[in-house]
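In what follows, residues are counted from 1 in the order of the sequence shown.
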Amino acid sequence: MARKLTKAQKKIAYDAKLCKLLDNYTQILVVAADNVGSNQLQNIRHGLRGDSVILMGKNTMMKRSIKIHAQNTGDTTILNLIPLLVGNVGLIFTKGDVKEVKEVVSKYKVAAPARVGLVAPIDVIVPPGNTGLDPSQTSFFQVLNIPTKINKGTVEIVTPVELIMKGDKVGSSEAALLSKLAIRPFSYGLAVVSVYDNGSVFSPEVLDLTEDDLVVKFAEGVCMVSSLSLAISYPSIAAAPHMFVNSYKNILAVAVATEYSFPEADKVKEYLKDPSKFAVAVVAAPATKSGAAPAAASKVEEKKEEADESDDDMGFSLFD
């Protein structure tokens, strides 16, 4: 028969296991484990079997082991994990893709009833319809101000009712009613709250970012850098094109207001002297691009020549 380990021996074994995981893994997911049962946790372990390991334990033990590991190895970046160990949390060590691990964990959620005293993670809305309860059960609905009617000998809810709001504690009446209606409104599982990767800590929302999101955020950053550079007249790569354009505008304004000129300014001065040239240039540009205007003009010329030739063949003109 195996000898039962003492409390001190269990602490030593746990410390050795955690330190070994810290040596072998550089990616760690901190997960909240509120209302997660042992059977559900076992299913999650089975789903992650391969490149990932789940380690649960008391926060004080995990913090102690992390501090000892940092002292022994000199790796102080691992200390960034300590502020994350708050509440009922565990650690998932992985060598795979962090986003895929997060998606696997989110699949293992179990529906749960609304127990008295629990804080509702979501709004609970009771849908309208026949409840299957006999008329003697209407007292539950009256206490909660739920409009009902008797239909074919059973209680029927008339309109949808917001029974519990997110963040509220579940009362005894709400829990009893949901139990009678066989409604299990909540679902619980391991929820990723933070991600540790080679000393860096970030929110799990970062894992859901797509390439398009990154492009948009990069463009926003470039705009901010460009705006700041222009505001303080500090040259940067982002602001350089705008600075060149603004400088050109300033030189052009000086040329227009004085006798100084250069080739680009000559065209602008011509347009200012005769604005009709500018109008012609604007109208002609789209027509030239499409090729429709030249083609139409050539057809008109061809028709005119044909008419002239036909008149000559007849030996007289239209006005003879």
Side-chain angles (χ1 to χ4, degrees), residues 5 7-110 187-221:
L5 296 177
K7 193 173 182 179
Q9 290 174 330
K10 288 181 179 179
K11 287 184 178 180
I12 294 173
Y14 183 87
D15 178 73
K17 182 177 181 180
L18 179 54
C19 290
K20 184 178 179 180
L21 290 173
L22 293 173
D23 284 332
N24 296 332
Y25 293 85
T26 59
Q27 297 181 137
I28 305 171
L29 282 75
V30 181
V31 292
D34 293 331
N35 304 300
V36 177
S38 57
N39 187 36
Q40 183 181 359
L41 187 60
Q42 185 62 28
N43 292 333
I44 297 173
R45 291 182 192 274
H46 180 76
L48 291 175
R49 186 170 297 172
D51 295 332
S52 303
V53 178
I54 300 177
L55 181 67
M56 307 299 292
K58 292 183 178 180
N59 292 345
T60 52
M61 292 179 62
M62 288 191 284
K63 290 178 181 179
R64 174 180 173 275
S65 298
I66 291 172
K67 289 178 181 178
I68 293 174
H69 182 269
Q71 292 175 357
N72 294 339
T73 62
D75 182 13
T76 57
T77 59
I78 198 67
L79 296 175
N80 293 333
L81 272 174
I82 293 179
L84 307 178
L85 302 178
V86 179
N88 186 18
V89 297
L91 302 176
I92 298 180
F93 297 84
T94 182
K95 291 182 179 178
D97 185 86
V98 179
K99 183 178 180 180
E100 292 180 0
V101 174
K102 177 177 176 290
E103 291 174 351
V104 171
V105 170
S106 63
K107 293 179 182 178
Y108 290 87
K109 288 188 176 182
V110 177
S187 59
Y188 297 107
L190 294 181
V192 179
V193 293
S194 298
V195 180
Y196 172 92
D197 189 351
N198 288 295
S200 300
V201 177
F202 53 88
S203 172
E205 283 76 14
V206 175
L207 301 177
D208 298 326
L209 292 176
T210 63
E211 291 184 0
D212 293 336
D213 295 329
L214 294 176
V215 170
V216 171
K217 289 186 177 294
F218 178 78
E220 290 176 353

Query - Set of side chain to side chain donor-acceptor pair (under 3.5 Å) partners for Asn43, sequence neighbours left out - result: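 Scan of Asn43 (side chain to side chain donor-acceptor pair (under 3.5 Å), adjacent residues dropped) gives none.
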Roughly how far, to the nearest 0.5 Å, is the [atom2] atom of [Y] from the [atom1] atom of [X]?
X	Y	atom1	atom2	answer
Leu190	Lys102	CG	NZ	12.5 Å
Leu41	Ile54	CG	CD1	5.5 Å
Met61	Leu55	CE	CG	9.0 Å
Met62	Ile82	CE	CD1	11.0 Å
Thr26	Ile78	OG1	CD1	9.5 Å
Asn80	Ser200	CG	OG	8.0 Å

Report task. Locate the shortest heavy-atom distance separating Ser52 from Val101; write the atom from each residue and the value. Result ->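 For Ser52 and Val101, the tightest heavy-atom pair comes out as OG-CG2, 3.7 Å.
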Query raised in the report: Can you name the nearest heavy-atom pair linking Ile28 to Phe93, along with the distance?
Result: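 Heavy atoms of Ile28 and Phe93 come nearest at CD1-CE2, 3.5 Å.
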Report task. Using the side-chain contact (heavy atoms from CB on, under 4.5 Å) rule, pick out the option among Ile44, Val30, Leu48 that qualifies with Ile92. Result ->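 When Ile44, Val30, Leu48 are each tested with Ile92, the side-chain contact (heavy atoms from CB on, under 4.5 Å) holds only for Leu48.
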Report task. Let me know which of Val53, Leu85, Leu84 forms a side-chain contact (heavy atoms from CB on, under 4.5 Å) with Leu91. Result ->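 The single option meeting the side-chain contact (heavy atoms from CB on, under 4.5 Å) with Leu91 is Leu85.
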Query raised in the report: Mind checking whether Val195 and Val98 have side chains closer than 4.5 Å, heavy atoms only?
Result: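 Yes. Closest side-chain heavy atoms under 4.5 Å.
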Query raised in the report: Can you find a pair of side-chain heavy atoms, one from Val89 and one from Asn59, that are under 4.5 Å apart?
Result: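 Yes - at least one pair of side-chain heavy atoms lies under 4.5 Å apart.
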Side-chain donor/acceptor pairs under 3.5 Å, residues 13-22, sequence neighbours excluded:
unit_1, atom_1, unit_2, atom_2, d
Tyr14, OH, Met56, O, 3.2
Asp15, OD1, Ser65, OG, 2.9

Requested in this report: Kindly indicate, with the supporting measurements, whether the criterion side chain to side chain contact (heavy atoms under 4.5 Å, CB included) is fulfilled by Asn198 and Thr77.
Outcome: CA-CA 8 Å; Asn198 288 295; Thr77 59; over 6 Å; no
List the atom pairs, with distances to 0.1 Å, where a side-chain N or O of residues 31-40 and a protein N or O form a donor-acceptor pair under 3.5 Å, not counting sequence neighbours.
unit_1, atom_1, unit_2, atom_2, d
Gln40, NE2, Tyr108, O, 3.0
Gln40, NE2, Tyr188, O, 2.6

Requested in this report: Please check if atom NZ in Lys11 has more than 12 non-hydrogen atoms from other residues, nucleotides or ligands closer than 6.0 Å.
Outcome: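 Result for NZ/Lys11: open.
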